[in-house]
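Written out below as C-alpha cells is the structure these notes cover.
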Amino acid sequence: MTDGSLQATLNELHQRYRGLSTGRVADYIPELARSDPSWFGIAVATVDGQVWAVGDHDRPFTIQSICKPFSYGMALEDHGREEVLRRVGVEPTGDAFNSHIKLEAATKRPHNPMVNAGAIAVASLIAGQDPTQRLNRVLAAFSRYVGREVLVDMPVFLSERTSGHRNRAIAHLMRHFGMLDERVDEALDLYFQQCSVRVTARDLALMGATLANGGVHPHTGQRALDPRYLRDVLTVMFTCGLYDSAGQWAYEVGLPAKSGISGGLLAVVPGQLGIGIYSPPLDERGSTVRGLRVCADLSRQLGLHVFDAWMARRAAQPPASSSACSATSSSS
Ligand code: GLU
C-alpha cells in the first residue's frame, strides 16, 4: 500500500464512521462525562517512523486502561517473569474489566494484568523508594513509548480517586487474600495516576509502533521495553486486552490491542505498525464503538490479522524444507 492510499483509507474510514451514533460516553468517572461524543481521531504509525492521521488525532484524553500493558512491562522488568506470574496470571476472565468475581477463585491471584484487579496488583509491583519516585518512573517509561514527555491529568485523577470505590473494594479484597501488601492506597493512587496520563490518538499509534518495532521508539531510537518481555506484553494484549470480547476480537481482528474507557484503542501489528484511535462513545463492554469498527475494517482491508499476514507471507515464500519440526524429528 502506498503512503497516499493509506491516508485515503484512513480518511474514508473516518468518513464512514463519524456519523455512527451508537454507544455511551463513560460517566462513572465524573470528569470523563465531559467528553464530546463527536470527538473522533485515527492515527497509524509505522516502525520506520511514518505517521498518518485524520480527525481529532491530536486531541488529548486520558489513557485509562491502555496504560495496563505498559505498566505490566515495567513490572516484568522490575521483578522478572516468575515473580510477576506468582502475583498476576495470564488467563482471560470472560468477565467485565472491573469485576471482582474471579478473585474468589482458588489461587486468589488476579487472572490477568489487563483487568482492573491485575492492573492494581501490577501497580503495587512498580519499583521505587516512595510514591513520587514510582510515579516518576511510570511517567518516564510511558514517555519513552510516546516519544515526548507525558503528564497526569489532575482533574481526571482526582475524579477517579474520589469515585473509585469499586477499585478500592477490589484492592482491599486482594489485600485480604495477601495478594497486595499493606500499601493498598499507594497502589491505588499509582493505578489511578497511570490511568490519568494524557495522550492523543497519534501518541497511541506511536506507542503501538514502539511495541511493533521490538520495544524501540521509531523516532527517538530509545528503548522502551526490554525485548525479553515484548512477547509477554503482546500476548496478554492479544488474549485479554478486549476484556470479555477478547475471543471475538482475536477471531475477527486478530491483533494485540487494548481499549480504555475514555474511548481510546491501541492495536499493534508486530513488525509493521501501531494504530491509535480515539472516540469516547463506548459499547456495553467499555470499548470505543467507532474504534472497534475502524480497527476491524483496517485489519480486513489491509490483511493485518496475524494469521492472515502469516498466510500471505507463506504464500509468497514457500517454507524451506528444513523446518523446525523436521529438525526436531531428525534429532530425536
Ligand atoms: N481507570 C478505569 C477504571 O479503573 C480504567 C478502566 C478502563 O479503561 O477500562 O475503572
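No experiment lies behind these values; they were computed from the predicted model shown. We count ligands from 1, going down the list as the structure has it; atoms in each ligand are counted the same way.
Side chain of His217 to main chain of Leu206: no donor-acceptor pair is present (N/O by atom type, distance under 3.5 Å, no hydrogens or angles).
Under the ring pair (Phe, Tyr, Trp, His ring centres under 6.0 Å) criterion, Phe142 pairs with no residue at all, not counting sequence neighbours.
Protein residues are said to neighbour a ligand when one of their heavy atoms lies under 4.0 Å from it; for ligand 1 these are Tyr28, Gln64, Ser65, Phe97, Asn116, Glu160, Asn167, Tyr191, Cys195, Tyr243, Gly260, Ile261.
Look at Glu12 and Arg16 and you find a salt bridge, because one of the NZ, NE, NH1 or NH2 atoms lies within 4.0 Å of a carboxylate O, short of that distance.
Residue pairs satisfying the ring pair (Phe, Tyr, Trp, His ring centres under 6.0 Å) criterion with at least one member in residues 181-209, sequence neighbours excluded, are absent.
Within a 6.0 Å radius of NE2 in His176, no more than 12 heavy atoms belonging to other residues, nucleotides or ligands are found.
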Cut-off 3.5 Å, no hydrogens considered: what does the side-chain donor-acceptor table look like for residues 17-24, sequence neighbours left out?
unit_1	atom_1	unit_2	atom_2	d
Tyr17	OH	Asp297	OD2	2.6
Arg24	NH2	Asp27	OD2	3.1

